[in-house]
Structures are given as structure tokens and as C-alpha cells.
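Structure, as C-alpha cells:
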Protein chains: 2
Amino acid sequence: MDPRRLLIFREVARSGSISGAARALGWTQPAVSQHLRALEREAGCTLLLRATTGVELTEPGRALLARADAVAGELHVAREELAELTSLRRGRVRLAAYPSAAATLVPRAMARLRATHPDVDVALTEAEPPEALALLESGDVDLALVFGYDDPGDDPAGGRALVWRPLVDEPVDLMLPPDHRLARRRSVAVADLADQPWIVGCVRCRAHTLRVCATAGFEPDVRHESDDYVVVQNLVAVGLGVALLPRTATEAFRHADVVVRPGRAFGTRTYGTVHREGALGVPATAALAAVLATG
Amino acid sequence: MDPRRLLIFREVARSGSISGAARALGWTQPAVSQHLRALEREAGCTLLLRATTGVELTEPGRALLARADAVAGELHVAREELAELTSLRRGRVRLAAYPSAAATLVPRAMARLRATHPDVDVALTEAEPPEALALLESGDVDLALVFGYDDPGDDPAGGRALVWRPLVDEPVDLMLPPDHRLARRRSVAVADLADQPWIVGCVRCRAHTLRVCATAGFEPDVRHESDDYVVVQNLVAVGLGVALLPRTATEAFRHADVVVRPGRAFGTRTYGTVHREGALGVPATAALAAVLATG
DNA sequence: GCCGAGCCATAACTACTGCTTATGATGCCC
DNA sequence: GGGCATCATAAGCAGTAGTTATGGCTCGGC
């Protein structure tokens with residue numbers, strides 16, 4: 001049963017005549033007449049009695065009209081809901097972000113989004129980039145905020161069918177204990193750190209540190225490992241080693257006793273958004289991606 | 001928003017891929033793909049994310065799917081209801097019938113209909129033919145059981161846009177008091193009744209009596225008038241006059257003291273069904289008309 | 001590591017659906 | 001009784017909605 005015919009039938013019932021329905025639909029009378037004939041053939045019985053004064057529903061016609069009204073109602077609700085979602089009067093988007101971003105730029109972006117679209121809900125999941133990509137691919141989040149280092153072969157999208165949009169390049173800084181001999185220098189060369197104990201972070205941060213050291217001609221003496229930039233800074237602060245941390249980490253938390261030294265040779269880290277192909281077609285996702293990009 | 005596209009979208013969601021939906025619908029993959037594109041254009045946002053492994057709904061897609069399910073449900077119910085009505089597992093038909101028929105052949109017909117189709121309800125309204133036709137035209141009944149006499153100009157359908165189907169010709173009989181001088185004769189001529197007091201019924205029955213008498217060359221002395229065949233017979237029984245009654249009336253009720261004399265000259269009455277053009281397209285109405293015709 | 005089998009989209013073509021125009025019949029109303 | 005409303009039907013045409021053909025992409029297996 002063609003549901004469009006049901007709606008045409010409903011219009012006929014509403015206006016009380018085939019000609020009236022045709023006018024309401026912007027069609028000619030025979031067009032509606034033919035649809036009704038087809039509908040009655042499908043229905044297997046007469047739905048309305050024709051007279052020169054108009055038409056009148058039969059019992060099956062009245063039964064069918066109730067269903068047609070219900071269908072029209074559902075279509076109306078569907079249009080309403082879609083309009084709400086596209087105009088961002090409603091919506092929900094799930095975001096995965098790495099810890100230091102989740103502590104800094106993500107809350108700011110969420111606040112900006114809420115200011116313009118208070119009924120768009122953002123669900124945040126803290127996750128390191130590899131996990132974030134997995135969440136993206138499994139459909140558990142709509143958008144991921146990840147980072148990559150300027151090292152060859154470090155592709156944030158992981159070679160998968162995902163769209164990577166880099167947003168900001170941030171410098172990587174050296175963390176030194178306050179009483180360290182190098183802490184007095186304005187700039188520190190990587191080679192100066194060859195004999196130091198090192199503290200490294202997550203897998204990819206560790207790889208970056210190793211690469212930076214390799215470029216300077218040595219393999220670092222890795223003593224401690226932690227994803228957590230608060231932990232890393234506390235280790236550095238008490239003199240247990242040196243470390244490289246991206247700028248966001250020290251923006252999120254800055255240990256009073258840690259000396260931060262910038263340096264080109266420490267490299268840069270780039271953060272940005274990743275999403276599945278086409279995911280920005282969902283207004284709420286696009287809005288969050290946009291507000292993250294302007295942050 | 002084209003509701004057919006909604007159902008196509010639902011099939012895609014159900015099968016998890018565009019190709020799968022196309023197979024289920026007996027179409028090719030591009031046909032479904034194009035419908036989805038059109039639906040997304042109507043919706044104003046992306047409804048599903050395409051991947052090489054299939055598709056996955058977005059948030060607006062999930063919202064729309066709920067509506068699509070509701071529409072599909074309504075269509076299913078519509079088909080079910082129509083099937084019940086066409087197969088006479090359910091239904092309702094409103095009948096108007098004149099009193100003597102309502103007392104005799106209509107109950108028998110209703111009983112036969114109930115035997116074969118117990119859930120088809122018949123609503124009976126007792127009404128003399130003119131009133132029955134009015135009920136038919138106002139849409140208050142679906143079928144009318146009316147009668148007409150074999151007099152010129154007596155058209156049961158009343159010249160209106162109604163379909164008249166004659167069913168049975170029944171003789172009209174003479175009612176005589178038991179001790180009447182003519183009661184001993186086997187046959188009575190109309191002319192023999194010229195000096196009798198007469199009892200007549202409804203407007204059209206009265207017209208028939210006047211016509212029968214006029215044919216015999218006299219105008220009857222009408223003393224009493226009553227639609228009710230029980231009243232008429234009681235008046236005759238106590239000798240207050242003679243009367244003409246159709247056979248159905250004496251089948252419905254036969255006063256013990258009334259002498260019934262048949263006679264060709266008394267004329268015949270024809271009963272049958274009347275309905276609006278196309279009304280038999282409704283199965284319940286057709287079934288009642290059919291069972292009345294076989295009665 | 002590459003080929004095949006899925007998935008998807010797009011472009012171009014075609015045929016049939018679905019509308020229009022034209023016409024006729026009927027009934028109501030002034 | 002003529003004009004205007006309703007309806008249906010037939011015939012014709014155009015645009016929708018399918019088709020076929022093609023290409024890109026991933027995943028999985030040999």
C-alpha cells in the first residue's frame with residue numbers, strides 16, 4: 001500500500017471532494033481520481049461514495065482515514081524533530097579527547113557551544129589518541145580530538161578511513177628540575193641532555209622523545225613512564241629526571257618547581273579533530289568541530 | 001517528505017547496508033542510494049554514515065528511524081483492518097426496513113448473515129420507505145429495504161440517484177370481518193366492495209387502495225387510517241371496515257378473526273433493496289444485500 | 001602483497017509511472 | 001432550464017525513478 005496515496009486520500013476526506021483535494025495539492029482532479037482508484041484497488045473495497053456534490057467515506061474509508069491521520073502525524077513529528085536537530089535546538093554529540101585537551105580547550109569550547117546552543121548536549125570521553133580512534137571506529141563517539149607529532153610516520157588518523165583535520169601546532173618544551181645545572185641557561189640543546197635520566201609519557205610521546213634524542217645522537221636513559229602530565233611534572237620537580245611536554249600540558253597544570261624551557265629542537269605537536277567520513281553532515285557534530293576549530 | 005523514502009530508509013537501517021536493502025526490495029543498489037540521497041536532502045542533514053562494510057545511522061537517522069517504524073506500523077494496521085473488513089471478519093452495516101419486513105424477513109436474513117459472519121454487525125432502523133430513502137441520502141443508513149406497488153408512477157427509488165433492486169413481488173390480499181356477507185365467497189371482486197367502509201395505511205398504501213378502487217369504478221369510503229398492520233387487522237376483525245394488506249403483513253401477524261381473500265385485482269407489491277451508487281463496494285453492505293436477496 | 005569480493009557513489013540512459021489535457025455524464029441551484 | 005459544480009475516463013506527454021555501467025575504496029584470503 002503506497003503511503004502517498006494514503007495522504008492523498010486523507011486530503012480528499014478532509015476537503016470532502018476530489019476536486020477540492022486536487023486544488024489543495026496543486027494538482028488536477030483526474031490525478032487525484034486515479035490515485036483513489038488505485039488505492040481502492042489495493043484496499044479491495046470501496047473507500048468513498050462519489051456523488052455530484054462531493055464524496056463521503058464508507059466504513060472501510062473511515063477506518064483507513066484514522067490510519068492516514070496517524071501516518072500524517074508521524075511525518076509531522078519527523079519533520080519537527082529533524083528541524084530541531086538541523087537548527088541545533090536539540091542534539092547530542094559524543095567527543096573523545098586526550099587528557100590535557102579535556103582539561104583545557106575542550107571545556108572552553110563546550111562552554112562556547114552551550115552559550116549559542118544550550119540544548120546541544122556534548123558527551124565527553126577522555127581518551128588517548130589511539131583509544132579515541134578506536135571509539136570513533138566502533139561508533140561510540142562522533143568526534144575525536146587527537147594529536148600527532150611532527151615525526152615521520154606519525155599519522156593521527158592512523159591510516160584508517162577517517163578524516164583528520166589539524167588545528168593547532170603547539171611547541172614541545174623541556175621540563176627541568178628547579179635546581180638543575182641546565183636550568184639557568186636560557187636555551188638548552190638536546191645533546192646537553194644525553195646523560196640525564198628521562199621521564200616519558202604515552203607510547204607516541206615516548207616515540208617522540210626517542211626520536212628527538214636520536215636526532216641529537218643519543219639514546220635516552222628512560223627511568224620513569226607516565227601518561228599523566230601532573231605525575232611527570234612532579235617527578236621532574238623532585239629531580240628524578242627531565243622530560244618533554246607539549247605546551248598544552250603546562251597550560252593545564254604548571255608545577256611551581258618545574259623549569260620550562262622552549263626549544264625548536266624539541267619538536268612540535270599538532271592537535272586536531274578526527275571524524276568518520278561524512279560525520280560533519282550531522283549538525284551537532286559539525287557545530288562542535290567548528291567551535292573546537294575556533295578555540 | 002516522501003513517506004516511501006522513509007520506508008526505504010527503514011529497510012536500509014534494518015538490513016545494515018544499502019545493497020542489502022536493495023536486495024530486500026528487489027531493486028538495484030543505485031536506486032536505493034539515490035532515494036537516500038534525496039531523503040537526506042529533504043531532511044537537511046546526514047542520516048547515515050557510509051562505509052565499505054555497510055552503513056550506520058547518525059543521531060538524526062536514529063530519530064527518523066523511530067518515525068519510520070511508526071509509519072510502517074500504521075500501514076501494517078491499515079492493511080490488517082482492511083483485510084478484516086473485506087473478508088467480513090469484521091464490519092458494520094446500517095439497514096432501514098419497513099415495519100412488516102423488519103418483523104419477518106429482515107430478522108431471518110440477519111440470522112443467516114450472523115451464521116456465516118458472526119462479527120458483522122447489522123444496525124436495523126424501522127422506517128417507512130420515504131423515510132428510509134431520506135436516511136439513505138443523508139448517509140445515516142447504508143441500505144434500505146423498501147417496497148413499491150405496481151401502480152404507474154410509483155418508483156421506490158423516488159427518482160433520486162439511488163440504485164433500486166426489486167427482489168420479490170408479493171400479492172395484496174383483502175381483509176374481511178369474519179361475519180361479513182362476502183366472507184363466504186371464495187373470490188371477491190373489487191366492485192363488490194364499493195359500499196364498504198375502508199381502512200387504509202400509509203400514504204403509498206392508501207394511494208394503492210384508491211387506485212384499485214378507481215379501476216373498479218368507485219371511490220372508497222375511507223373511515224380509518226393506520227400504518228400498523230396489527231391495528232388494521234383489529235379494526236377489520238371487529239367489523240369496522242375492509243382493507244387491503246400485502247402478504248408480508250399477514251405473515252408477520254395474522255388476526256384469528258380476520259378473513260383473508262386473495263385476488264389478482266388487489267394488485268401486487270414489490271419489495272427490494274435501495275442503496276447509493278457504489279455502496280455495494282463495501283463488503284458488509286454487499287453481504288447484507290445478498291442475504292436479503294436470497295431470503 | 002596483491003587480487004577478489006564486498007561495500008559505496010556517480011553518470012548516463014530509458015521506460016514507465018503519474019501527471020495533464022480533453023471530454024462526457026450527472027446532479028444541484030438560482 | 002442553463003450554468004456550475006461534481007464525478008469518471010481516455011489519450012498523450014514528461015519527468016520521475018528505475019536501470020546499466022563504471023570507478024573508488026576496504027577488508028580478507030591465498
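In what follows, every heavy atom counts, from backbone to side chain, and hydrogens, waters and symmetry copies are set aside. Lettering follows sequence order; numbering is per chain, from 1.
Geometrically, B:R67 does not engage B:F9 in a cation-pi contact, judged by NZ or CZ lying under 6.0 Å from the ring centre and within 45° of the ring axis.
Side-chain atoms of A:E59 come within 3.5 Å of backbone atoms of B:R92 as a donor-acceptor pair (strictly under, hydrogens ignored). Side chain of A:S15 to backbone of A:A21: a donor-acceptor contact under 3.5 angstrom is found.
At whole-Å resolution of the value, CD in A:E137 and C1' in D:dC27 are 12 Å apart. Straight-line distance from the CG atom of B:L7 to the P atom of D:dA17: 14 Å, rounded to whole Å. In this structure, B:L48 places its CG atom 9 Å from P of C:dC8, rounding to the nearest Å. Here C:dT26 presents its C1' atom at 14 Å from CD1 of A:I18, a figure rounded to the nearest Å. Rounded to an integer number of Å, the gap from CD of B:E277 to P of C:dA25 is 16 Å. Rounding to whole angstrom units, CD of residue B:E56 and P of C:dC7 are separated by 16 Å. Going from atom CG of B:L162 over to atom C1' of C:dC28 covers 15 Å, rounded to whole Å. If you take CZ of B:R37 and C1' of D:dA17, they are 12 Å apart, rounded to a whole angstrom.
Remark: B:P60 engages A:L82, A:L85, A:V282, B:C45, B:L47, B:T58 in a side-chain contact (heavy atoms from CB on, under 4.5 Å) (not counting sequence neighbours). Remark: B:H275 engages no residue in a ring pair (Phe, Tyr, Trp, His ring centres under 6.0 Å) (not counting sequence neighbours).
Heavy atoms from other residues, nucleotides or ligands lying under 6.0 Å from CD of A:E42 number more than 12.
Not one side-chain nitrogen or oxygen of A:T52 sits closer than 4.0 Å to the OP1 or OP2 atom of C:dA25. For A:R50 and D:dA8, the shortest distance from a side-chain N or O to OP1 or OP2 is below 4.0 Å.
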* Summarise how protein sits on nucleotides 13-24 of chain C as a single string, 5' to 3': B when a protein heavy atom is under 4.0 Å from the base, S for sugar-phosphate-only contact, - for no contact. => -----SBBBB--

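Distance from the side chain of B:S33 is smallest to C:dA9 among C:dG6, D:dC7, C:dA9. Picking from D:dC7, C:dC8, C:dT10 the nucleotide with the shortest atom distance to the side chain of A:S17 gives D:dC7.
If you check every strand for non-hydrogen atoms under 4.0 Å, A:R23 touches sugar and phosphate atoms only.
The existence of a salt bridge linking A:R50 and A:E40 is confirmed by a sub-4.0 Å separation between a basic side-chain nitrogen and an acidic carboxylate oxygen.
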